[in-house]
2 protein chains.
Amino acid sequence: MRAYTCGLDAAADVIGGKWKPRILWALHHGPMRFGELRREISGVTEKMLIQQLRELESRDIVHREVFHQVPPKVEYSLTELGRSLNEALIPLDTWGSEHLTELEASRVR
Amino acid sequence: MRAYTCGLDAAADVIGGKWKPRILWALHHGPMRFGELRREISGVTEKMLIQQLRELESRDIVHREVFHQVPPKVEYSLTELGRSLNEALIPLDTWGSEHLTELEASRVR
DNA sequence: GCGCATACTTACCCTTCCGTCAGTACCTGA
DNA sequence: TCAGGTACTGACGGAAGGGTAAGTATGCGC
């Protein structure tokens, strides 16, 4: 493993993974339960969602809170670091939205 | 293949790939020859560099210009779209730089 | 005592991604 | 004539990432 060569390099490592951008986006509006996230992020499986959430949690981007009740309840929310990351992602989302048509067109597969 | 669910989704698809962020960053200061890029981006192999450049070219992020001379000369530069993408990446780079220490610390492997 | 809801966990497999390495084509200068 | 510089190309294999499907624990209501 080499050291990160620039901030972008580090950031790309954090948000890398098929579902991470969508998780971050979904949590933008506040805490969500596991099941809510699964329904919100169409196409994701339970295994992948948990895996990506755990990775974000270990990076201190996402906070996980367990409510000891039955049926179980677990809430996921953005940490301060996660919120600042989301802020930094806004211009990128805007860029993607502005060029959505051409990006869809040049997409492979 | 599903349609992009948001701009961020689309943008992540464009910059996805092990070397794309570093390529974009290297081209920030102007056109570069293939060999210059290879030397600038330490660790990349010729095959991977070409592959990623071709993908960026097909997305109209990077422009490829061949100079018919010997030895061959090929210059890569950012298109207008590429420049706007780079602008949108600046906040993300800043975020990464600001949190570099903690990100290095929570890194796996 | 049985199904249901929630939030996971695990085993297995398959595809995609990436790296290694060898080879191509062209002209130049020694 | 032969090494050298430049910009590729392609075969092969391993590692990483992601998908499928089945199973776990807990207590509640019927």
Side-chain angles (χ1 to χ4, degrees), chain A residues 1-2 4-5 9 12-24 26-27 30-59 61-77 107-109, chain B residues 1-2 4-5 9 12-24 26-27 31-59 61-77 106-109:
Chain A
M1 142 177 154
R2 275 190 317 284
Y4 293 130
T5 56
D9 208 19
D13 188 36
V14 173
I15 61 170
K18 189 167 180 182
W19 306 99
K20 296 216 181 75
R22 296 184 61 187
I23 292 175
L24 292 175
L27 291 177
M32 290 184 81
R33 295 185 60 170
F34 178 77
E36 287 179 315
L37 275 173
R38 178 164 44 80
R39 282 185 292 273
E40 176 76 21
I41 303 173
S42 66
V44 75
T45 62
E46 299 192 337
K47 176 199 158 187
M48 287 313 300
L49 183 54
I50 288 176
Q51 184 179 304
Q52 307 274 302
L53 281 169
R54 290 283 148 88
E55 288 173 21
L56 290 172
E57 193 193 352
S58 76
R59 295 288 222 158
I61 304 293
V62 155
H63 172 72
R64 176 173 181 266
E65 184 153 10
V66 181
F67 296 81
H68 293 285
Q69 58 188 48
V70 170
K73 174 179 172 183
V74 179
E75 263 191 7
Y76 293 90
S77 56
R107 197 176 179 180
V108 277
R109 252 165 304 169
Chain B
M1 143 179 153
R2 275 190 316 285
Y4 293 130
T5 54
D9 208 18
D13 188 35
V14 172
I15 61 170
K18 189 166 179 184
W19 305 100
K20 296 217 180 74
R22 295 184 62 187
I23 292 174
L24 292 174
L27 291 177
M32 291 183 80
R33 297 184 59 168
F34 178 77
E36 288 179 314
L37 275 173
R38 180 165 42 82
R39 283 185 293 273
E40 175 76 20
I41 303 173
S42 67
V44 75
T45 62
E46 299 192 337
K47 177 198 160 187
M48 286 314 298
L49 183 54
I50 287 176
Q51 185 180 304
Q52 307 275 301
L53 281 169
R54 291 283 149 87
E55 287 174 19
L56 290 172
E57 194 193 351
S58 77
R59 296 287 221 158
I61 304 293
V62 155
H63 173 72
R64 176 173 180 266
E65 185 152 10
V66 180
F67 296 81
H68 293 285
Q69 58 188 50
V70 169
K73 174 178 171 181
V74 180
E75 264 191 6
Y76 293 91
S77 56
S106 67
R107 199 176 178 181
V108 275
R109 251 163 305 167

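Labels below follow one simple rule: chain letters A, B, ... track the order of the sequence lines, proteins then strands, and each chain is numbered from 1. These numbers come from the heavy atoms of this one structure, side chains and all, not from hydrogens, waters or symmetry mates.
- Atom CD of B:Glu55 is separated from atom CD1 of B:Ile15 by 13.0 Å, given to the nearest 0.5 angstrom.
- The OH atom of B:Tyr76 lies 6.0 Å from the CD1 atom of B:Ile50; values are rounded to the nearest 0.5 Å.
- If you take CE of A:Met48 and C1' of D:dG19, they are 8 Å apart, rounded to a whole angstrom.
- Remark: A:Leu27 CG to A:Arg22 CZ distance equals 12.5 Å, nearest 0.5 Å.
- Out of C:dG19, C:dC18, C:dA7, the shortest distance to the side chain of B:Thr45 is found at C:dG19.
- Among D:dG18, C:dG19, D:dT6, the nucleotide with an atom closest to any side-chain atom of B:Arg33 is D:dT6.
- Across the protein-nucleic acid pair, A:Lys73 atom NZ and C:dA7 atom C1' stand 14 Å apart, rounded to whole Å.
- Counting non-hydrogen atoms under 4.0 angstrom, B:Tyr76 reaches the backbone sugars and phosphates but no base.
- Between B:Arg38 and A:Gly17, the residue anchored closer to the 5' end of DNA chain D is B:Arg38, taking for each the nucleotide with the nearest heavy atom.
- When all heavy atoms are compared, the tightest approach of A:Glu75 to A:Pro31 is OE1-CB, 3.6 Å.
- The minimum heavy-atom distance between A:Ser58 and B:Ser106, with the atom names listed, is O-CB, 3.7 Å.
- For B:Met32 against B:Glu40, the heavy-atom pair with the smallest separation is CE-CB, 4.0 Å.
- Between the CZ atom of A:Arg39 and the P atom of C:dA7 there is a distance of 8 Å, given to the nearest Å.
- Between A:Gln51 atom CD and D:dG17 atom C1' the separation is 8 Å, expressed in whole Å.
- Between the CD atom of B:Glu55 and the C1' atom of C:dT16 there is a distance of 12 Å, given to the nearest Å.
- Atom CD1 of A:Ile41 sits about 11.5 Å away from atom CE of A:Met48, to the nearest 0.5 Å.
- Regarding A:Gln52, its CD atom lies at a distance of 16 Å from the C1' atom of C:dC8, rounded to whole Å.
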Pairs under 3.5 Å (N/O, protein and nucleotides 9-14 of chain C):
from  : atom 1 : to      : atom 2 : distance (Å)
C:dT9 : OP2    : A:Arg54 : NH1    : 2.8

- [ ] Let me have a per-nucleotide readout for nucleotides 25-30 of chain D, 5' to 3', with B, S or -, counting only protein heavy atoms under 4.0 Å.
- [x] --S---
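- To the nearest 0.5 Å, atoms NE2 (A:His68) and NZ (A:Lys73) are separated by 13.0 Å.
- The nearest whole Å value for the distance from the NZ atom in A:Lys18 to the P atom in C:dT16 is 10 Å.
- With rounding to the nearest 0.5 angstrom, the CG atom of B:Leu56 is 13.5 Å from the CZ atom of B:Arg64.
- When the P atom of C:dC8 is taken as reference, atom CD of A:Gln69 falls 13 Å away, rounded to whole Å.
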